[in-house]
Protein chains: 2
Amino acid sequence: MKNAMEIAMEQDAPRQNLAISAYRTLKHDIIRGRYAPKEKLLMSRLKECYGVSTGPLREALSQLVADRLVVAISQRGYRVAPMSLAELNDIYDARAQLEGLILRLAIERGDDDWEASVLATAHRLAKVTDISSPDELLDGWDLRHKAFHTAIASGCNSPHLLQMRNTLFDQVERYRHLWLQETVMSPAALEQKRQEHAALVEVILARDAEKAAILMRDHLMTPVPIITRVLQDRGIS
Amino acid sequence: MKNAMEIAMEQDAPRQNLAISAYRTLKHDIIRGRYAPKEKLLMSRLKECYGVSTGPLREALSQLVADRLVVAISQRGYRVAPMSLAELNDIYDARAQLEGLILRLAIERGDDDWEASVLATAHRLAKVTDISSPDELLDGWDLRHKAFHTAIASGCNSPHLLQMRNTLFDQVERYRHLWLQETVMSPAALEQKRQEHAALVEVILARDAEKAAILMRDHLMTPVPIITRVLQDRGIS
DNA sequence: CTGTGCCAAATTGTTAAAATTTATTGATAA
DNA sequence: TTATCAATAAATTTTAACAATTTGGCACAG
């Protein structure tokens, strides 16, 4: 019988070492909510579940600690990092501020190729409703949505700022996943997002940094009330 | 005979697990230039040098990879991350931008306690010349300098933004160390810094976000030309 | 109800060795 | 001389078995 990791890896051609593979699948499972916040991560259970021994497993876990998705308690092993309304608010605020800064820089520094890639990814995102299947729509929309925002950010031309953006996104994604599950991409929400994206593209091409930063912050903060409700329903304060 | 890690740990009371200790001492040694950029980090050598076995050692190294101080090449072990003028410029630019953003937020959000801690740490930094010994002056100045800037940043009131600031500082510190070694804190440089700090405190207390962000960016960028020259002298482009 | 001491379970670390991969060397052929 | 290539050496990566330490729970006594 195949273990969880082998199944998850079947599509990835470049077979890296076991620690990195375990890190990726574990991260994926935590973000998607397979393990609850504060849940204990038993060494023995993970070993048989992912089919790796303690060495690579501890490597993966200590990297997840650096990502703040797992917390380590000395001599008491690892637990999934807790979730809280306080962290939700801080994480989304930090992301909105950072994304605003990056957008300002992108508008200041971005060249013609950047403008072209923003337009191209925006177009691809707007046309995503053509896909019929419901599950495929959500996956396809999320993929193109990420590509759109990444294209915008890449105009800032700073690998280190983009790296920090990625780090923060990993931390936000566990909360964001709650929002995706909740809205299930209703046509109304999808239409609202479509309009926000169109407005963003317009002010970006007009190089209006001030207006763009404000639009971006509002756009990123819209999921917060919904996620707040979901967390409260689950008894998380 | 004691190994490098035991010597470095003798002052630390809270004895954590070996992986974390090895991580800290290795990071310290890389930042201080004990290992050259691109130098190969032999497993066998590190094992006997730091007195730990492969398990904790690999944990420490994989965390340093996350910090971008070490690079891992699949099946070919670990190397100290390379240094370059391109990275120097990007890293200092990213830091100046992020610190500017955080300062704006701190001026917007900081309360009276924040103002008080900025004043207090600024005063302690200005009085550092009282210490006589040359080596103690450098260490003491650097410590109080960091405390001053951390006090300013903490006003933004966002744990996640401060965490990103720390991450970026770890990456910058290897370059910054070259600057500290080069200037050796000449009285002239020290006086210039003193004036910059005084100007910063003034505009911060006046809550002038625009002027403060510009002063902060200039203040952070001053070491770049000197570090550029040091790197070029070492044949690094 | 509250400590105390013991036992089981889990973490943490070491060692040795297997499995794989990369680097080197040296002989052979063009 | 130069290039190729197989054999060998070296290093990484992983596993497995074991020792040491620590934690948590639970019976039991006060």
Side-chain angles (χ1 to χ4, degrees), chain A residues 1-9 12-26 30 35-36 38-66 69-82, chain B residues 1-10 12-26 30 35-36 38-66 69-81:
Chain A
M1 196 193 75
K2 292 181 179 179
N3 60 43
M5 219 181 64
E6 282 175 305
I7 293 168
M9 296 292 299
D12 287 311
R15 184 156 59 265
Q16 306 233 3
N17 64 22
L18 287 186
I20 295 176
S21 311
Y23 165 75
R24 276 208 262 269
T25 44
L26 248 172
I30 290 173
Y35 303 106
K38 295 191 188 177
E39 182 174 340
K40 180 135 216 292
L41 294 170
L42 244 341
M43 230 40 140
S44 48
R45 186 167 174 279
L46 296 179
K47 264 165 63 172
E48 77 166 41
C49 190
Y50 294 94
V52 294
S53 54
T54 48
L57 197 51
R58 289 185 64 87
E59 261 183 76
L61 285 167
S62 61
Q63 286 192 248
L64 287 166
V65 170
L69 287 172
V70 165
V71 292
I73 306 157
S74 186
Q75 314 290 355
R76 266 187 279 177
Y78 297 91
R79 286 179 171 278
V80 178
Chain B
M1 197 192 76
K2 293 181 180 178
N3 60 43
M5 219 181 64
E6 282 175 305
I7 293 168
M9 296 294 298
E10 267 173 3
D12 286 312
R15 183 153 60 264
Q16 306 229 10
N17 64 24
L18 286 185
I20 294 176
S21 311
Y23 164 74
R24 276 207 262 270
T25 44
L26 247 173
I30 291 173
Y35 303 105
K38 295 190 190 179
E39 180 174 342
K40 182 146 214 301
L41 294 170
L42 244 339
M43 230 39 143
S44 47
R45 187 166 172 279
L46 296 179
K47 265 164 63 173
E48 77 165 42
C49 191
Y50 294 93
V52 292
S53 53
T54 46
L57 195 53
R58 290 184 64 87
E59 263 184 75
L61 285 167
S62 61
Q63 286 194 247
L64 286 166
V65 171
L69 287 171
V70 164
V71 292
I73 306 156
S74 187
Q75 315 291 356
R76 265 187 280 180
Y78 297 91
R79 286 179 171 278
V80 178

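Order of the sequence lines fixes the chain letters, A, B, ..., with proteins taken first and strands second; residue numbering starts at 1 for each chain. Predicted, not measured: the structure shown is a model, and the values here were computed from it. Every heavy atom of this structure was used, including side-chain atoms; hydrogens, water molecules and symmetry mates were not.
Take B:Y78 and apply the side-chain hydrogen bond (donor to acceptor under 3.5 Å, both in side chains) test, not counting sequence neighbours, and it matches no residue. In this view, A:R79 and A:K40, A:V71, A:I73 satisfy the side chain to side chain contact (heavy atoms under 4.5 Å, CB included) rule, not counting sequence neighbours.
In the 5' to 3' direction, nucleotides of DNA chain D lying under 4.0 Å from heavy atoms of chain B begin and end at D:dA11 to D:dT14.
Using a 4.5 Å heavy-atom threshold, the side chains of B:Y35 and B:L26 count as touching.
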Write down the protein N/O and nucleotide N/O pairs, taken from nucleotides 8-10 of chain C, whose separation is under 3.5 Å; answer none if there are no such pairs.
none

Please enumerate all protein N or O atoms sitting under 3.5 Å from an N or O of nucleotides 13-15 of chain C, with distances to 0.1 Å.
unit_1	atom_1	unit_2	atom_2	d
C:dG13	OP1	B:L18	N	2.4
C:dT14	OP2	B:S53	N	3.1
C:dT14	OP2	B:S53	OG	2.4
C:dT14	O5'	B:S53	OG	3.2

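Note that the OG1 atom of A:T25 and the CD1 atom of A:I20 stand 11.5 Å from one another [nearest 0.5 Å]. The CG atom of A:L64 sits 9.0 Å away from the CG atom of A:L41 when rounded to the nearest 0.5 Å. Taking NZ of B:K47 as the reference point, atom CG of B:L42 lies at 11.0 Å (rounded to 0.5 Å).
In terms of heavy atoms, A:A60 sits closest to A:A19 at CB-O, 3.7 Å.
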What pairs of donor and acceptor atoms, side-chain ones from residues 51-59 of chain A against any protein atom, are under 3.5 angstrom apart with sequence neighbours left out?
unit_1	atom_1	unit_2	atom_2	d
A:R58	NE	B:E59	OE2	2.9
A:E59	OE2	B:R58	NE	2.8

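As rounded to whole Å, 15 Å separates atom C1' of C:dT12 from atom CD1 of A:I73.
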